[in-house]
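To keep things clear, I will list the structure first and then write my remarks on it.
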Amino acid sequence: MTNECSVCQKKFSKHSNLRCHVKKFHPDLLNEVAPNKVFKCSAVCNKCNKTFTMKSNLKQHVLKFHAEEENKLTSSKVYPCEICQKNFSGLNHYIQHKKTHQGEESVDKLVHSFQCSLCNIVCATKLSLINHFEQDHGIKISVTALEFSNESDFKNWKSNLEEKSYSQYVKQRGSYKTSEGTKTVYVCKRSGFYVPKGSGKRHLKTQGTSKINGMCPSEMQVTVLENDEHKITFTETHIGHDQDLGHLHLTVEQRMDVAKKIATNVPFSCILDGIRDSISNDKLERIHLLTTKDMHNITQTFNLCNDSVRHKDDVISLESWIGEVHESGTVVYYKPQGRSCSRHSYLKEVDFMLIIMHPGQLEIQQRFKQKKLF
């Protein structure tokens, strides 16, 4: 929009330049020709009542003139609740809070967020659902606080817990920052609702979906501090499902072990026989329920059906190739990372060495060299 003086028809690029012109040449017509612009006020300083068009400008003002009261002045609450008089700085928090004042029958059941897995009652919040479990169903929810010094200790505890309880915990969403540290929430894998994918032509698994179409309260709230200390709030109680091995996924280690065997062309029947022979009376694991369908899925996931790429994991792909050419003598020496070598003590565990020699080169080396390299 062009700023033009209505008296002398002179044009200016900015409203401030027009106002300076009117002040100088038409001072009596200042408010009529070039009045001050009216800006919408979105933030007010609680200390000096100065107004700002942007909240970022208010924060800069507070840091400069009222630094000692920064937290108090910048934490403005602009969404007051008409029922309980609480204030909220974010619109999303305000909307979620308003649901707590609505009756359970008025909660949108399409959301499925906090639906009881026992009687299908839908609650407005997670806390109200936990209260429903305790009051209406008489189920005591067990919550434990734990601490681990590092990530490795936490993962070992989580893995052992899942193995003993026949359960699995998955991330509810991505990690996010809090005042204490980085927080991640792991929820029971069975909790939630079945959402069909694709066109619906494929049938469900034989054992059905793993989702219970309701909420299981068991979860792990993990907060990672700056020193890598892990603080855990663990809700142990499972509700709405049995601890069934058939609904669990194979672990990463189990899938990798099966993938290595498939990559070395071990027949599916031999893999199944070997796993079944390892079953003992002490404990049954998910790997003991391995099926040919699982192995086809692993083959597809790791791209083992492609001849040009044996495996998307370079280590497995390389070891598969070494196994194929071992009899030809092409591979003179191979030492992977993570293994020690008693023959060559100067090689460390982190070292990797692969010596390849063409059969013709190997023949020449044996003919003209008195000493072998290895």
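Values reported hereafter were calculated over all heavy atoms of this structure, with side chains retained and with hydrogens, waters and symmetry mates removed.
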CA sep, side-chain torsions, deciding dist, call: Thr184, Lys171, side chain to side chain donor-acceptor pair (under 3.5 Å): CA-CA 7 Å; Thr184 307; Lys171 286 185 178 181; 5.3 Å; no
field: Step-by-step side chain to side chain donor-acceptor pair (under 3.5 Å) determination, Thr237 to Lys140
entry: CA-CA 8 Å; Thr237 309; Lys140 180 64 177 178; over 6 Å; no
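With sequence neighbours left out, Leu127 forms a side chain to side chain contact (heavy atoms under 4.5 Å, CB included) with Thr125, Asn131. The side-chain hydrogen bond (donor to acceptor under 3.5 Å, both in side chains) test applied to Ser167 returns Ser165, not counting sequence neighbours. Legend: residues meeting side-chain hydrogen bond (donor to acceptor under 3.5 Å, both in side chains) with His15, ordered by chain and number and at least two apart, are absent. Taking Lys261 as the reference, Asp257 meet the salt bridge (charged side-chain N to carboxylate O under 4.0 Å, His left out) condition, with sequence neighbours excluded. Residues forming a side-chain hydrogen bond (donor to acceptor under 3.5 Å, both in side chains) with Ser142 (at least two apart in sequence, or on another chain): none. Residues passing the side-chain hydrogen bond (donor to acceptor under 3.5 Å, both in side chains) test with Ser6, sequence neighbours excluded: none. By the side chain to side chain contact (heavy atoms under 4.5 Å, CB included) test, Asn297 pairs with Lys293, sequence neighbours left out.
For Gln172, the CD atom counts as densely surrounded, since its 6.0 Å shell holds more than 12 non-hydrogen atoms of other residues, nucleotides or ligands.
Within the structure, the salt bridge (charged side-chain N to carboxylate O under 4.0 Å, His left out) test picks out the following pairs touching residues 148-165 (sequence neighbours left out): Glu151-Lys155, Lys158-Glu162. Counting only residues at least two apart or on different chains, the side-chain hydrogen bond (donor to acceptor under 3.5 Å, both in side chains) pairs with a member in residues 220-231 are Lys183-Gln221, Glu219-Gln221. Among pairs with a residue in residues 265-274, none fulfils salt bridge (charged side-chain N to carboxylate O under 4.0 Å, His left out), at least two apart in sequence or across chains.
Judged by distance alone, with hydrogens and angles left aside, the side-chain atoms of Lys260 form no donor-acceptor pair with the main-chain N or O of Arg255 at under 3.5 Å. The main-chain N or O of Lys11 is never found under 3.5 Å from a side-chain atom of Glu4 such that the two would form a donor-acceptor pair. Judged by distance alone, the side chain of Asp294 and the main-chain N or O of Leu290 form no donor-acceptor pair under 3.5 Å. Distance alone, capped at 3.5 Å, places no donor-acceptor pair between the Asp351 side chain and the Leu347 backbone.
The nearest pair of heavy atoms linking Arg19 to Ala34 is NH1-O, 2.5 Å. For the residue pair Met295 and Val258, the shortest heavy atom distance occurs at CG-CG1, 4.0 Å. In terms of heavy-atom proximity, Ile141 sits nearest to Ile239 at CD1-CD1, 3.8 Å. The minimum heavy-atom distance linking Asn3 with Ser13 is given by the pair ND2-O, 3.6 Å. Scanning all heavy atoms of the two residues, the minimum distance from Pro336 to Phe352 falls at CA-CD1, 4.0 Å. Minimum heavy-atom separation, Lys211 to Ser191: NZ-O, 3.2 Å.
Apart from Tyr186 itself, the hydrophobic cluster it occupies contains Leu146, Phe148, Phe154, Trp157, Leu161, Tyr169, Met220, Val222, Val224, Ile232, Phe234, where clustering links Ile, Leu, Val, Met, Phe, Trp and Tyr at side-chain heavy-atom distances under 4.5 Å. Residue Phe25 is found outside any hydrophobic cluster, as its side-chain heavy atoms come under 4.5 Å of no other Ile, Leu, Val, Met, Phe, Trp or Tyr.
Below 30°, between 30° and 60°, or above 60°: for His238 and His241 the angle between ring planes is above 60°, a perpendicular geometry. The aromatic rings of Phe12 and His21 lie tilted to each other, with the angle between the two planes from 30° to 60°.
With hydrophobic clusters built from ILVMFWY side chains whose heavy atoms lie under 4.5 angstrom apart, Phe193 does not share a cluster with Ile212.
Proximity of Pro217 to Lys126: side-chain heavy atoms (C-beta onward) are nowhere separated by under 4.5 Å. Looking only at side-chain heavy atoms (C-beta outward), Ser128 and Phe114 stay at 4.5 Å or farther from each other. Residues Glu236 and Val143 fail the side-chain proximity criterion, which asks for heavy atoms closer than 4.5 Å. Side-chain contact check for Arg190 versus Ser117: every heavy-atom pair is 4.5 Å or farther apart. In this structure, the side chains of Asp28 and Leu30 stay at 4.5 Å or more apart for every pair of heavy atoms.
Separation of the Phe268 and His296 ring centroids falls under the 6.0 Å cut-off.
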